[in-house]
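Sequence positions, counted from 1, serve as the residue numbers for this chain. Fair warning: this is a prediction, and the values are worked out from it, not measured in the lab.
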Amino acid sequence: MTSLRPGVRAVRRPAADVAADAARQGAVVHRIGPAPTKAALLAELARALRFPDWVGPNWDALADALRDLSWLPAGPHVVVWTGASATDPQAYETALEVFQHATATSAGTDRPLTVLLAGA
């Protein structure tokens, strides 16, 4: 069973299993696939999390959006990122920093965020 506590964690199980497990625990699951570049990663996140128009394609806007999530239903949210290691190393590291900060600040809110780095 995958823990839904806010944070960023690598999981060794297939993404489909991780997503199904999170959904069974009552989370809204947002799946993003391999994204080789910063632009592709930001586009994947915008699609999966249905970002409002004010969220631009940059790290600061991503950080602001992940701290807010007010356009999404209340309750736990889980981003399942498949193929994270295939992302450009600089974009990967920056994304992890943004995710770590966002998940930490979401603890205790009505929309806690968990990011799981999953296998295919």
Side-chain angles (χ1 to χ4, degrees):
M1 178 138 326
T2 303
S3 170
L4 292 185
R5 73 182 184 284
V8 179
R9 289 181 294 290
V11 292
R12 294 183 183 256
R13 298 170 45 222
D17 293 348
V18 171
D21 185 34
R24 275 192 299 277
Q25 294 181 63
V28 177
V29 178
H30 311 276
R31 292 184 65 171
I32 61 173
T37 65
K38 171 188 173 183
L41 177 58
L42 293 173
E44 277 284 296
L45 286 162
R47 175 199 56 77
L49 291 162
R50 300 182 313 274
F51 283 164
D53 291 340
W54 61 262
V55 180
N58 60 70
W59 296 123
D60 289 337
L62 175 64
D64 290 344
L66 292 177
R67 280 192 305 268
D68 180 357
L69 299 180
S70 62
W71 64 92
L72 295 175
H77 290 266
V78 175
V79 173
V80 178
W81 185 4
T82 306
S85 62
T87 302
D88 167 74
Q90 184 176 1
Y92 173 80
E93 290 300 322
T94 303
L96 286 183
E97 288 176 20
V98 171
F99 287 146
Q100 287 166 343
H101 187 267
T103 59
T105 59
S106 76
T109 70
D110 65 345
R111 290 172 181 83
L113 178 64
T114 303
V115 177
L116 301 174
L117 312 177

Check: Any chain of hydrophobic side-chain contacts (each under 4.5 Å) joining Leu49 to Trp81?
Finding: yes
Item checked: Shared hydrophobic cluster, Val98 / Val79 (ILVMFWY, side-chain heavy atoms < 4.5 Å) -> yes
Notebook entry, point to check: With sequence neighbours left out, which residue pairs that include part of residues 17-48 fulfil the ring pair (Phe, Tyr, Trp, His ring centres under 6.0 Å) condition?
Noted result: His30-His77
Note to self: Testing the basics here: between Ala22 and Val29, what is the closest heavy-atom pair and its distance to 0.1 Å?
What the structure shows: CB-CG2, 3.8 Å
Notebook entry, point to check: Just wondering, do Leu66 and Leu113 contact through their side chains at under 4.5 Å, heavy atoms?
Noted result: yes
Next item on the list: Could you list the residues that satisfy salt bridge (charged side-chain N to carboxylate O under 4.0 Å, His left out) with Asp64, not counting sequence neighbours?
Entry: Arg67
Margin query: Is there a continuous path of hydrophobic side-chain contacts, each under 4.5 Å between heavy atoms, that joins Ile32 to Val80?
Written below: no
Notebook entry, point to check: Do Leu117 and Leu96 have side chains that get closer than 4.5 Å, going by heavy atoms?
Noted result: yes
Checklist line | Nearest heavy atoms of Leu4 and Ala27, plus distance in Å | finding: CD1-CB, 4.0 Å
Check: Just by modelled atom types, is the Val78 backbone N or O under 3.5 Å from a matching donor or acceptor in the Thr114 side chain?
Finding: no
Note to self: Under the rule for side chain to side chain contact (heavy atoms under 4.5 Å, CB included), what residues qualify as partners of Ala104, not counting sequence neighbours?
What the structure shows: none
Could you give the side-chain donor-acceptor pairs of residues 36-46 under 3.5 Å, partners two or more places apart or in another chain?
unit_1, atom_1, unit_2, atom_2, d
Thr37, OG1, Ala40, N, 3.0
Glu44, OE1, Gly33, N, 2.7
Glu44, OE1, Arg47, NH2, 3.1

Notebook entry, point to check: So which heavy atom on Arg111 is nearest to which on Ser70, and how close?
Noted result: NH2-O, 3.6 Å
Margin query: Please tell me whether Val55 and Leu72 are part of a single hydrophobic cluster in this structure, the criterion being side-chain heavy atoms less than 4.5 Å apart.
Written below: yes
Next item on the list: Output the distance between atom CZ (Arg50) and atom CG (Leu69), rounded to the nearest 0.5 Å.
Entry: 10.5 Å
Checklist line | Shortest non-hydrogen contact between Ala107 and Pro6, atoms and distance | finding: CA-CG, 3.8 Å
Notebook entry, point to check: Going by the ring pair (Phe, Tyr, Trp, His ring centres under 6.0 Å) test, which pairs reach into residues 33-65, not counting sequence neighbours?
Noted result: Phe51-Trp71
Next item on the list: Kindly state each residue pair satisfying side-chain hydrogen bond (donor to acceptor under 3.5 Å, both in side chains) with at least one member in residues 92-106, sequence neighbours excluded.
Entry: none
